[in-house]
Amino acid sequence: MKARGTRRVLAVVLLAVLPLLAAALLLWHGATGEDAAQRPGSASGTPGASHVEGWQLLLALAVVVATARAVGALVSRHLGQPRVVGEMISGIVLGPSALGIVAPGVYDALFPAALHSYLNLVAQIGLALFMFLIGMEFGDTRHERAGRTGVAVGVVGVCLSLALGCGLGYALYSGYAPDGIGFLPFTLFLGIAMSVTAFPVLARLLMERGMLQSRAGTYAIVGAATADLACWLLLAGVVALLRSDSLLGVLRTLALTAVFFGVMVTLVRPALRRVLQRPERWLPDGGVLALIIPCALLSGVATELIGIHLIFGAFLFGAICPKNEPALVGARGKLQELVTAVLLPPFFASVGLKTDLLRLGQSGGALWAWAGVALLVAVAGKLAGSAAAAALMSVERIDALRIGVLMNCRGLTELVILTIGLELGVLSPALFTMLVMVTLCATVMTAPLLDLLDRAERRTAPARTKATSAVG
């Protein structure tokens, strides 16, 4: 029995290491044919801001929030998808790919070019607070009984997806990488984009389907947390590589990041716990929101100044928060309603305004073909890698397939990563549009595939019962 367990662990290790070796060889081969690392221009793709009246921004925000709510409810009620999927789609509906074609006059009146930068600023605030909430959910993930199996699912899924994504980046680099972007950051970024699992969307999908405490759900949620942590760390390294002029600059950024992490864990966390245990003593009116919102935003400012993205600081602050303090539990519920209902829809709208499906047809349809390849790579890496790891850890075949399908749920987390790529200049607008469509397709297929597996299990259940009775 012990020997069998050892062989199983070795098989999982090989399944994780071999794709990484293949990716390393591919990156080395591509990088050796390149001159010194190239640097992008300005990190922002937003046009210079012109004067915008306050009422124009308020009108746009009202339309964005109302549309997100309506499309989210429609998709949830009639298509069986999580509400957040509809909210993601609402951004596309309001963008140049839908409203801009159907009613261009309305589109130009609601979202003039000068308004985009203001909407993007609101989106950045919502994104920072959303990443804070994700950090709190991540810190809440404690399923001891999932243990090695959940971690194996997450690690193998990331390794295989990263290798396949780097292969996709290798193929796309010569024809589609923006000018001034080096091979290594471009290829690594594509690998990371193919590796992520939407932890918050997955958690809500499992809750809505009553699977959160199931065996497959437990393994998937731990696997998703493991995968997302690995992807955030990799992404921090790529952002540091893009924003630094030299290897010394990259090392400096990583060193400052390590110092920031140490300060947050050793100083900020204990102080925060002391304040939250007796908020009426430390806070003038006992208002916890007035403490955690500025702290989350300032943490984002710190990591932005260090040289990585603001999302990392907000995420880390959420992860170190003491989750069980009653004062924080109540404030968290209030903040979550505000962020998801009001502050996050502008982020979806910002993504939608940058997503133009007409760009995919400008290359004679080649990008549509590449979109199909990217979707195949994304699904194959996550589904096959995670399912194979689960099967090797003695999970039943039907549950292993469920875990693979659940790990393929990308949703909002990948949109965040793609938006960072567009801001940094790693992705062209056309590539960004292509990968947004891949994200939506991969997320939307999660619920139908789970339904297919449920039906298959119900069909095979009577046969298994008869076979068991015959043996008895």
Side-chain angles (χ1 to χ4, degrees), residues 44-76 83-134 200 287 289-298 300-301 304 310-311 314 331-356 412 415-416 418-420 422-423 429 432 436:
S44 174
T46 306
S50 302
H51 178 69
V52 172
E53 297 290 344
W55 66 265
Q56 291 178 287
L57 178 60
L58 293 178
L59 176 62
L61 290 174
V63 171
V64 164
V65 171
T67 304
R69 199 73 176 178
V71 178
L74 186 69
V75 167
S76 175
R83 182 183 293 270
V84 70
V85 172
E87 293 171 352
M88 290 164 55
I89 294 172
S90 73
I92 309 295
V93 170
L94 292 174
S97 301
L99 183 62
I101 294 174
V102 175
V106 176
Y107 172 76
D108 291 335
L110 274 176
F111 305 107
L115 184 70
H116 292 193
S117 59
Y118 292 92
L119 191 63
N120 188 58
L121 289 175
V122 178
Q124 292 294 311
I125 296 171
L127 183 58
L129 294 177
F130 177 73
M131 290 306 298
F132 162 72
L133 292 172
I134 289 182
L289 283 179
L291 171 68
I292 61 174
I293 290 178
C295 286
L297 296 178
L298 287 173
V301 170
E304 185 74 26
L310 62 90
I311 64 169
R332 175 184 179 181
K334 296 176 185 176
L335 181 61
Q336 188 160 352
E337 179 65 22
L338 173 67
V339 171
T340 55
V342 179
L343 295 179
L344 204 53
F347 171 73
F348 296 130
S350 178
V351 171
L353 292 176
K354 298 166 188 168
T355 303
D356 188 354
L412 179 54
L415 288 185
V416 172
L418 296 180
T419 302
I420 293 172
L422 185 65
E423 290 174 357
F432 174 80
V436 166

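All values reported here derive from a predicted model rather than from experimental measurement.
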For [X] and [Y], indicate whether the former's side chain and the latter's backbone hold a donor-acceptor pair under 3.5 Å.
X: Thr419; Y: Leu415; value: yes
X: Ser76; Y: Gly72; value: no
X: His116; Y: Phe111; value: yes
X: Thr355; Y: Gly95; value: no

Validation row: Lys354, Asn120 side chains within 4.5 angstrom (heavy atoms):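 SC-SC contact between Lys354 and Asn120 confirmed.
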Sequence neighbours excluded, which residues qualify as ring pair (Phe, Tyr, Trp, His ring centres under 6.0 Å) partners of Phe132?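 In terms of ring pair (Phe, Tyr, Trp, His ring centres under 6.0 Å), with neighbours along the sequence ignored, Phe132 is linked to Phe317.
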Please report the closest heavy-atom contact between Ile101 and Pro104, naming both atoms and the distance.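 So the two residues come closest at O-CD, 3.7 Å.
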Side chain to side chain contact (heavy atoms under 4.5 Å, CB included) assessment of Val93 paired with Leu99: CA-CA 6 Å; Val93 170; Leu99 183 62; 5.8 Å; no
Output the distance between atom CG (Leu289) and atom CZ (Arg332), rounded to the nearest 0.5 Å. 13.0 Å
What's the spacing between Leu133 CG and Ile292 CD1 if we round to 0.5 Å?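 With rounding to 0.5 Å, CG (Leu133) is 8.0 Å from CD1 (Ile292).
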For a side chain to side chain contact (heavy atoms under 4.5 Å, CB included) check, start with the C-alpha distance between Val102 and Tyr107, then their side-chain angles and the critical distance, and finish with the verdict. CA-CA 9 Å; Val102 175; Tyr107 172 76; over 6 Å; no
Stepwise side chain to side chain contact (heavy atoms under 4.5 Å, CB included) test for Val122 and Tyr118: CA-CA 7 Å; Val122 178; Tyr118 292 92; 6.0 Å; no
Could you work out, with side-chain contact (heavy atoms from CB on, under 4.5 Å) as the rule, every residue matching Leu338, not counting sequence neighbours? Leu335, Val342, Leu343
Please walk me through it: do Glu87 and Val84 pass side chain to side chain contact (heavy atoms under 4.5 Å, CB included)? CA-CA 5 Å; Glu87 293 171 352; Val84 70; 4.1 Å; yes
